[in-house]
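Each remark here refers to the structure printed beneath this line.
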Amino acid sequence: MAFKLSGVVPWGRNLREYRDMFRLTEDDLQKRIAGFGDGPASFNRELTEHGGSVISFDPIYQFTKEDIEKRIGEVRVEVMEQMWQNKDNYVWTRIKSLDELENLRMSAMNRFLEDYGKGRAEGRYVYHELPDKLPFEDDHFDIGLSSHFLLMYTALGYDFHIKAMAEMLRVCKQIRIFPIVDLDANKTELVDSVIGHFRENYRVDIVDTDYEFQKGDNKMLMVGKGR
Ligand SMILES: C[S@@+](CC[C@H](N)C(=O)[O-])C[C@H]1O[C@@H](n2cnc3c(N)ncnc32)[C@H](O)[C@@H]1O
């Protein structure tokens, strides 16, 4: 089925949030990093400006800047309305209000949009849809990240997750996924079965993070080669 932008809710985070979600150290930030489903996050732009090496993969990178900007405009009101209705499910310590949240997200997405043309030309934003094969050799990247995509959209199912993570683990020495709860911040059977599968051949850890926005979403999954 063709990937439609109208089915995506583009909502982007920044480098500081990525650092906290994935416990990325200065040392990690010097490594070769792949971001899967990075969408309109400013992570790639900020890390590149910081001197890092990062490639982001997302199906939305098949679209133009204008298309993505238009879609962000369409979902902005809808997402903020949902946030308002569900605000008690969030921790308002670091981000203190809905206004602050909207400003933070819009600023990250605008930074992405300003960088999109340049980043695409430099091969930093690559059109790719998991679980398709990636155009990179085995172990090309040190760390692969997935923020607010894998394990959250449980409807994608077990097979999708196994294939997607297997392909990520082919090109990355280690992968990190945040959060490990679903869209309602509930722990899921999917997470347990995915962990069970990868434990057979990989080192699997659940690690506390420095990030909690949706109540209970303060853990990430790390899967790496070598035990
Ligand atoms: C909620 S956004 C998260 C954006 C970013 N990672 C962040 O946390 O700021 C989810 C992203 O997953 C992307 N996505 C959807 N299906 C995908 C697939 N099959 N493979 C890779 N990315 C996908 C969407 O296009 C969207 O950009």
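Every number for a ligand or one of its atoms is a count from 1 in the order of the listing.
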Self-check item: Atoms of ligand 1 close to R13 [distance to a heavy atom under 4.0 angstrom, numbered from 1]
Solution: 7 (C), 8 (O), 9 (O)

Quiz item: Would one find more than 12 heavy atoms of other residues, nucleotides or ligands at under 6.0 Å from atom NZ of K215?
Solution: yes

Quiz item: Is the side chain of N86 donor-acceptor paired with the backbone N or O of Q82 at a distance under 3.5 Å, no angle test?
Solution: yes

Quiz item: Does at least one non-hydrogen atom of Y153 fall below 4.0 angstrom from an atom of ligand 1?
Solution: yes

Quiz item: So is D58 polar-close to ligand 1, meaning N/O to N/O under 3.5 Å?
Solution: yes

Self-check item: Numbered atoms and elements of ligand 1 in range of A41, under 4.0 angstrom, heavy atoms
Solution: 9 (O)

Practice problem: Please indicate whether any nitrogen or oxygen in S147 is less than 3.5 Å from any nitrogen or oxygen in ligand 1. | Solution: yes

Quiz prompt | Pairing of E114 and R45 as salt bridge, 4.0 angstrom limit | solution = yes

Quiz item: Backbone or side chain, does any N or O of L130 fall under 3.5 Å from an N or O of ligand 1?
Solution: yes

Quiz item: Where does the angle between the aromatic ring planes of Y116 and Y125 fall among parallel (under 30°), tilted (30 to 60°) and perpendicular (over 60°)?
Solution: tilted

Practice problem: Please identify which atoms of ligand 1 are closer than 4.0 Å to at least one heavy atom of I60. | Solution: 25 (O)

Quiz prompt | Option set P131, G37, S42, criterion heavy-atom distance to atom 4 (C) of ligand 1, minimum | solution = G37

Quiz item: Roughly how far, to the nearest 0.5 Å, is SG of C172 from CD of E167?
Solution: 9.0 Å

Self-check item: Residues E26, R19: salt bridge by 4.0 Å N-O rule
Solution: yes

Self-check item: Close approach of Y18 to ligand 1, heavy atoms, under 4.0 angstrom
Solution: yes

Practice problem: Anything under 30° is parallel, anything over 60° is perpendicular, the rest tilted; go ahead and classify F43 against Y18. | Solution: parallel

Practice problem: Please confirm whether E129 comes within less than 3.5 Å of ligand 1 when only nitrogen or oxygen atoms on both sides are compared. | Solution: no

